[in-house]
Every structure is written in C-alpha cells, then in structure tokens.
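Letters A, B, ... mirror the listed sequences (proteins, then strands); counts begin at 1.
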Number of protein chains: 2
Amino acid sequence: MDHKDVTKGGASVPALRRAVAILDHLSETSEELTAADLCRALKIPKSTAHGLLQAMEELGLVIRDPAGRLGIGPRPMRWSSRFLAKSDLVSAFRQHFDRDARLSGYTITLTVLEETEVVYVACSNSSQPLGVTFRIGMRLPAAFTATGKAQLAALPEAEVAARFAGGFPAPLTRYSVRDLAALRAGLDRDRARGFSVDDGETREGMTCLGAPVRNHEGRVVAGLALSLTRSEATAEKVEELGAQLRSAADGISALIGG
Amino acid sequence: MDHKDVTKGGASVPALRRAVAILDHLSETSEELTAADLCRALKIPKSTAHGLLQAMEELGLVIRDPAGRLGIGPRPMRWSSRFLAKSDLVSAFRQHFDRDARLSGYTITLTVLEETEVVYVACSNSSQPLGVTFRIGMRLPAAFTATGKAQLAALPEAEVAARFAGGFPAPLTRYSVRDLAALRAGLDRDRARGFSVDDGETREGMTCLGAPVRNHEGRVVAGLALSLTRSEATAEKVEELGAQLRSAADGISALIGG
DNA sequence: CCCAGAAGTTCAATATATTGAACACGATTC
DNA sequence: GAATCGTGTTCAATATATTGAACTTCTGGG
C-alpha cells in the first residue's frame, strides 16, 4: 500500500469543498459579502458560484439579505446542536455534574478548540451570578481562556507556534497573557500542575480552571472549565477544585472512551 | 417570468445535496450509523458514499469512531456559532429585548422554519421556571409550536399542504393538532387573530403565543414566541400579551428591515 | 438621457464526478 | 477451519457538473 495518494487531499467533490470554503469564508469575514466578492476571494468562476449559491440558499446553508449580500444560513445549527447533544462529550459532562454535587454550585463550561479560538459548546451556568454568562456558540481567544490553554497545552510546541504565526490576539484585560513566549511558559506550568488557569485574563475578577478532555485515542478533543469569582479563588481552593475538575474531565474522557 | 422551473428543486449539485442529506440524517438518528446504513437509508450507491464520506471526513463534517461509525463532525459548529453571532435576526432579537422591558419577565424565543420543523435560534429564558428550557439549536415540529404556526400561516395554502405531503408529525401531547385539516383551520383562526397559539400542544401545561417576523419584502423569516404556564393564560391575558408580542415582532421586523 | 461598469444570468463544450460491477477484507456461523 | 455475509475499496464507462464567453440588467455619472 502506498502511504499517500497525491490526489487525495487535493481535489475531489469540488462542489462540496467549495461550499465548505464559502461557509468558512463567510464565517471568518465580519462584513457580509456579495457573490462577486466571494468569487474574487476564493477564485471561483462566476457561473460556478451562481449555481452553487442557488443550491446552498435552497438548502438553507446561506441566506441573502435584501441587497443580495450573503450570510450563513440556519441549517448548520441543526447539525451542530446534534453534535453537542450526541457527542458523548456533553452528555457525559451533564451526567457527571448531575451526580457530583461538589461542583454543581459552580459555572461549568465545555469548549472545543478551533485554530486559535475556543467555541463554547455547553455550559451549566450556576445560580450564583458571575457577571458573565457563557452562551453556546460564543468564542474567545484560546490563549486567554482556561479551556483554551488546557487544549493548547496538549499540542506539540511547534503546532502551538504555528497556530499563532499569524499574530497573537489582542489582550482582553490587563492580565491577559501578551505573547507566545509567555503563553508557552504558562502552558508549561499548566502541564506540570495538571490543570490550567485563567486568572482574570478574559474578565477581571473572574478566575477559571480548565482541564483537557480526551477521546479514546488520548487525543484532546475538548476542554472543561469551572469559573468562580476571584475572591473565592484562594490558593488552596484552586488546588482542590483543580484536582476535582481534572477527575471530572478524566471521568468524561473515560465515558467517551468506551 | 415563469413561476416555477422544474429543474430547480430537483437535482443540481448532487454532491452537496447528498452531503446535506447525510448530515441531516445523522442528526435525526439517535444511534451512530455505519456507512452502509446511510446508503440504505438515503439510497446512495456505496461507491458514491465512499468518496463523499472521505471528503466529508477530511473537511470535518463527519467523524468516524474507532469502529467506523459515523457522527456529525465539529466543523458545522463554527458556522452556526457565526450564524448566532452575526445573524441580523438574532442581534435584532437581543437589541429589542434589551430595550423593551415589557415582556422581559417572560420566556421569549425566536425560531426559524425549516421544512416542517422550527429551529430555536435565540431565547431569553425568564427567571420563573416553566419546566421547560429552550436550548439553541433545538427543533420541534412546526405544526405544534406557536412560532411554527405563525410562520406556516404566512405561506400559501398549497405550500403548507406540500410540506406535509410526506406525512403529518406524531403528536407530542394529547392536545397536539392531529392532521393537516385541523392545522389549516387553526391557521385560519391565527390569521384572523394576528397571532398564533400553542395551547399545550408541545408540552402539557405550557401555553405559547407566536407572531411572525418579516423582512423588508414582507416575507416571514422567523417566529417570535412567548411562553407561559397554562394557569397564567387567561383569555384576556392571552389577548393582551398577544398584542404586545405582535408589536415586539413588528419591532424586530423593523430592525432587520433596514 | 445615454453610456460605462459591475453584478448577475444563461448556454454549449469539456472536464469531472458518479455509478455498477468486480474485488478484498473481517467477522460470524456452521 | 471453511464458507458466508456484510462492509469497505477500486476501477472504467457514462452521465453530469463546471466553465468561459456572450448576454441581460441595474446603478451611477457625465
């Protein structure tokens, strides 16, 4: 068997790859684009884009505003909600915290890493307000968040560097880590400790602890976090909660490991 | 201009339509499926599915577990989170309810109609528990929900009939409307009244009122609903809240109308 | 009012994906 | 241990999507 086929990664089912590229581009761009903009940006011939976008609109993948500008359609929502609901990740997460009352008073969130950001895929906001509510679908720079660090810490150093090659995110608070070197130092500490910490890096006054969730292969597939107000976060409490969080994350990992 | 092109709804860009069908099917099915299951269910030739699934896996649209079973991949999350973040609808919803406190005590939801189902795209859960929490991305049969009815009521009769040609959804409670005839009668009442009602059709003991949200062209693009417990839903209160809901929906329509 | 430019639409030739049949592989059964 | 069933993979012929060029429509300027 040959170890790699050249045609594999390149081009097959171009329509699908184009559609994915279009949706990616639409979600990366802040302003809404016109069909012609897309053609220029993605090097798609006008006529191809025409038929493709028509089908995509029919399928609910994109929507057009009055001016004909394109936006992401609602259809993907049904898939991602299912990804969340079914993905053993979230059910395991819920299951664990329904049983284990020790952590049930805290706000717990689950995110997945995408490039240099984390996307919130589940949260159980605690009764006691934090001043922050996490919303499903919300994204934050991975470098500042506990879950992001937990997931970045599991990547090879070179991969981390590669992801931030395009630039380091702008700080959210005065505590936000400023550059790749500082981030890597933090990741080293986190690896040693077994869980990661965001001490006011995303919001002043809020401390989050994060731990990695792994799949059956040991690959990190999500991050589990626990948020508390800074005043609650005494050194010993952080250690205690961190350990609990780690075991919770391990429990989730075990559940999804089969 | 011809009113309908036969080739339009039928088949174009089959690869994309197949991919969407696969993702839909995966999200509708509770267990994880194997590739062969998909072929049987969707009548896709094995070899076609092979190439398609390979590309879809590469693109992160589907994932395979160790046993080769298929699940929804993480890629759609980035799109739907962007839809949530950027969608005019959702931001208009937020904007409106941040300003207008009249309805702020109630649970308010926003859905979009897809075929015969509604998808929840935004919600502001009230403090007072309803026994039901609406989660973003959740889907319910349009025929039973207030928002679904509000959106169906705006379609031509023939279109409504066409959508349910494949069968009417199974009732969720003993109050759920049972067939197309009853639904249409209900829609007539709703049109006359200006808002629609789900009186225990989705959950016994919960009453919802729904109103349509329109875009610049007057086309209905979403449904806004207010939920309350059945005991709160006296006739006069329903009328009063219904009127307020209608004006809220009109407010949102104005925001997205430009 | 007419014209220039851009965006969008249509169409026939071509390059490409799709498909059924044949082939490998592993599990399960006898 | 041999055979069968189901699954996944490969391949060449065909049916189909893709593409550039020509055409329409619309907006904005002179």
Can you tell me how far [atom2] of [N] sits from [atom1] of [X], to the nearest Å?
X       : N      : atom1 : atom2 : answer
A/Arg64 : C/dG8  : CZ    : C1'   : 9 Å
A/Leu42 : D/dT18 : CG    : P     : 15 Å
B/Leu53 : C/dT18 : CG    : P     : 12 Å
B/Leu52 : D/dT9  : CG    : P     : 14 Å
B/Met56 : C/dT18 : CE    : P     : 12 Å
B/Leu16 : D/dA17 : CG    : P     : 12 Å
A/Ile22 : D/dT18 : CD1   : P     : 11 Å

* CZ (B/Arg191) with more than 12 external heavy atoms under 6.0 Å -> yes
* What do you reckon, is CZ of A/Arg246 surrounded by more than 12 foreign heavy atoms closer than 6.0 Å? ->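 Atom CZ in A/Arg246 is not packed in, count stays at 12 or less.
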* To do: With heavy atoms under 4.0 Å as the rule, sort B/Arg69 into base, sugar-phosphate or nothing.
  => nothing
* Asked: How bent is the helix from C/dC1-D/dG30 to C/dC30-D/dG1, comparing axes over its five end pairs at each side, to the nearest 10°?
  -> 30°
* To do: Enumerate the residues from residues 44-51 of chain A whose closest heavy atom to DNA chain C is under 4.0 Å, giving them by residue number; use none for an empty result.
  => A/Lys46, A/Ser47, A/His50
Side chain proximity check, [X] to [Y], heavy atoms < 4.5 angstrom:
X        : Y        : value
B/Leu226 : B/Phe195 : no
B/Leu155 : B/Leu113 : yes
A/Thr145 : A/Thr111 : no
A/Val20  : B/Trp79  : yes

* To do: Report the residues that fulfil salt bridge (Lys or Arg N to Asp or Glu O under 4.0 Å) with B/Arg163, sequence neighbours left out, ordered by chain and then residue number.
  =>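 Only B/Glu159 meet the salt bridge (Lys or Arg N to Asp or Glu O under 4.0 Å) criterion with B/Arg163.
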* Asked: Within less than 4.0 Å of OP1 or OP2 of C/dA6, is there a side-chain N or O belonging to A/Arg40?
  ->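 So the side chain of A/Arg40 is outside the cut-off, no N or O lying under 4.0 Å from OP1 or OP2 of C/dA6.
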* Asked: Any side-chain N or O of A/Arg18 under 4.0 Å from OP1/OP2 of C/dT16?
  -> no
* To do: Could you grab the distance from atom CD of B/Gln151 to atom CZ of B/Arg214, nearest 0.5 Å is fine?
  =>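 Spacing of CD (B/Gln151) from CZ (B/Arg214) equals 10.5 Å.
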* **Minimal non-hydrogen separation, B/Pro141 against B/Leu172, with atom names** => CD-CD1, 4.1 Å
